[in-house]
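Sequence lines set the chain letters: A, B, ... in the order given, protein chains first and strands last, and positions in each chain run from 1. FYI, side chains are in, hydrogens and waters are out, and symmetry mates aren't considered; it's all heavy atoms of this structure.
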Protein chains: 2
Amino acid sequence: MTALAPISTKDRILDAAELLFANDGFEATSLRAITAEAGVNLASVNYHFQSKDALLHAVVARRAGPINQRRIEALQQLEEKLRNEPIPIDELLEAFFRPVTECNVLVPRMMVRFHYLEARETFRAIYETHFKPVANRFAPALRKALPHLKPEEAFLRMQFTMGAFAQLAAGSGTMEVVSEGRMHAPTREEALRQLIQFTAAGFRAPSLGAGL
Amino acid sequence: MTALAPISTKDRILDAAELLFANDGFEATSLRAITAEAGVNLASVNYHFQSKDALLHAVVARRAGPINQRRIEALQQLEEKLRNEPIPIDELLEAFFRPVTECNVLVPRMMVRFHYLEARETFRAIYETHFKPVANRFAPALRKALPHLKPEEAFLRMQFTMGAFAQLAAGSGTMEVVSEGRMHAPTREEALRQLIQFTAAGFRAPSLGAGL
DNA sequence: GAACAATTGAAACAAACGTTTGTATCATAC
DNA sequence: GTATGATACAAACGTTTGTTTCAATTGTTC
């Protein structure tokens, strides 16, 4: 086998775009920066993909597919194990988040940036294609796990959870910077466990009742 | 008194920039879009402010000052009321978040976009100036409120909390869109109470101990 | 090894960007 | 009544953007 596999131009573009989109954002990343990083010609982006927007779709699609597949597999295993019993909220959260934390660190950061930041219209399409189906798949199990919450409350807390994860995914190195070196960043596994510990407790908190 | 006060060019630019930065982001918003929205001449941005970056600073500074002042006032009141007793975590969270939710809705959304999205170097300066001081002011009270957590855990959970709030602030209309109209968005007061309920429970969750 | 399609390369395109320029307008002060 | 300052304006600056063009090169198939 070859020591270093020859990487196709297409993949080199995807890798570079993923890196730069994650670090600088979509708008701020030029095709020239991408092709320079990838070591390929400028025109090859429009040749292999059709436009910068289509490149963004391809970058996301390459990662979202496997992640969502593993999410659904994990959910199915839980459903089979527990039959009709409600799935505990922390196991549900782990099924949803572990596949993301176990892949390349760049991916969640990039996705988070798109999640509520920029390229609004383009992201809308990405959301509909790659995130909405898996969200709909998890929704019933989530409802069953949270019988004490009204639908609006459960939904709002799921949003909080997404935000907490986003903060984790987006901010690589945030802890060192903000604490000025006094603290070390947790490993990915530690961070995942802390995220689940935090958000599961949030979900289990009593309903606020009347208000909402 | 005048029914509708004449708004200065400078303020019209600030208002328009705040609106467009919040909705489209910094990079994606051109000075031409800002001046068109404000109904002023293109050059007036570089006249009243010096650059697009400096305009961003001004937009943030106009809002961050009053908000942080009210945050610190609320914290002082809690400290005086409770003397040396630890401040309950939910009261601490309310002191921190209520001043933000009670101001113009655009502001938190805009700040969130900058918080871990774009204009990295510019935002670093904004963070150091407007957010770091108030964060340092709250830090000791937070530690005292969370004696069961290691410093790293407390810090990580504060990050989760920021992310949960960010999701709330960034996504105006998210609930209607994602739920496809089945749910109505909560009022700001309801959302704040839900945020505190969720994150306070997260903070109170037991330490994970050894790992981190 | 010739023929052909697929891919890459350098260069150029129009459009949009942030910024600068020079001048006009308007108060207020002398 | 004229000089002075701050502000507003239209126009153009040079640069960068995403995209296109077309010739050169590569890889594959007969």
Side-chain angles (χ1 to χ4, degrees), chain A residues 2 5-60 62 110 113-114 117-123 125-126, chain B residues 2 5-60 62 110 113-114 117-123 125-126:
Chain A
T2 56
I7 306 169
S8 71
T9 297
K10 205 168 177 173
D11 282 330
R12 282 217 298 272
I13 293 173
L14 287 173
D15 290 340
E18 184 174 294
L19 174 69
L20 294 176
F21 286 164
N23 286 337
D24 305 330
F26 179 73
E27 313 271 3
T29 300
S30 70
L31 292 183
R32 283 165 179 81
I34 293 172
T35 52
E37 171 75 24
V40 302
N41 189 269
L42 171 61
S44 46
V45 171
N46 288 76
Y47 174 77
H48 287 284
F49 313 90
Q50 285 72 26
S51 64
K52 191 186 177 184
D53 268 37
L55 171 61
L56 172 59
H57 275 88
V59 168
V60 175
R62 180 171 67 147
M110 186 193 63
R113 295 188 76 116
F114 302 147
L117 271 107
E118 54 190 350
R120 310 295 294 181
E121 199 41 57
T122 297
F123 175 71
I126 291 176
Chain B
T2 54
I7 306 170
S8 71
T9 297
K10 204 166 178 175
D11 282 331
R12 283 218 297 272
I13 293 173
L14 287 172
D15 290 340
E18 184 174 296
L19 175 69
L20 295 176
F21 285 164
N23 286 337
D24 306 329
F26 180 73
E27 312 272 2
T29 299
S30 70
L31 292 184
R32 285 164 178 81
I34 293 171
T35 53
E37 170 76 25
V40 302
N41 187 269
L42 171 62
S44 43
V45 171
N46 288 77
Y47 174 77
H48 286 284
F49 313 89
Q50 284 72 25
S51 65
K52 190 185 178 186
D53 269 36
L55 170 63
L56 171 59
H57 274 87
V59 167
V60 174
R62 181 171 68 148
M110 187 193 63
R113 295 188 73 116
F114 301 148
L117 270 108
E118 53 190 349
R120 309 295 294 179
E121 200 40 56
T122 296
F123 175 72
I126 291 176

Figure out the [atom1]/[atom2] separation between [X] and [N], and round it to whole Å.
X       : N      : atom1 : atom2 : result
A/Phe49 : C/dT8  : CZ    : P     : 11 Å
B/Arg32 : D/dA11 : CZ    : C1'   : 11 Å
A/Asn46 : D/dC22 : CG    : P     : 16 Å
A/Leu31 : D/dT15 : CG    : P     : 21 Å
A/Ile7  : C/dT8  : CD1   : P     : 14 Å
A/Asp24 : D/dT17 : CG    : P     : 12 Å
B/Lys10 : D/dA6  : NZ    : C1'   : 12 Å
B/Arg12 : D/dT7  : CZ    : P     : 14 Å

Is the distance from OP1 or OP2 of [N] to the nearest side-chain N or O of [X] less than 4.0 Å?
X       : N      : value
A/His48 : C/dT8  : yes
B/Ser51 : C/dG18 : no
A/Asn41 : C/dT7  : no

Can you confirm whether [X] sits close enough to [Y] that some side-chain heavy atom of one is under 4.5 Å from a side-chain heavy atom of the other?
X       : Y       : answer
A/Phe26 : A/Asp53 : yes
B/Tyr47 : B/Asn41 : no
B/Val40 : B/Lys10 : no
A/Val45 : A/Lys52 : no
A/Ile34 : A/Leu19 : no

Residue pair A/Tyr47/A/Leu42 against DNA chain C: nearer the 5' end by closest nucleotide is A/Tyr47
task = Mind checking B/Thr29 for me? I need base, sugar-phosphate or nothing, with any heavy atom below 4.0 Å counting as a touch.
result =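 Sugar-phosphate contact only - B/Thr29 comes under 4.0 Å of backbone atoms but never of a base.
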Closest of C/dC17, D/dG18, C/dT20 to the A/Ser30 side chain is D/dG18
Query raised in the report: Nearest of D/dA8, C/dC17, D/dG18 to any side-chain atom of A/Lys52?
Result: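 Side chain of A/Lys52 sits closest to D/dG18.
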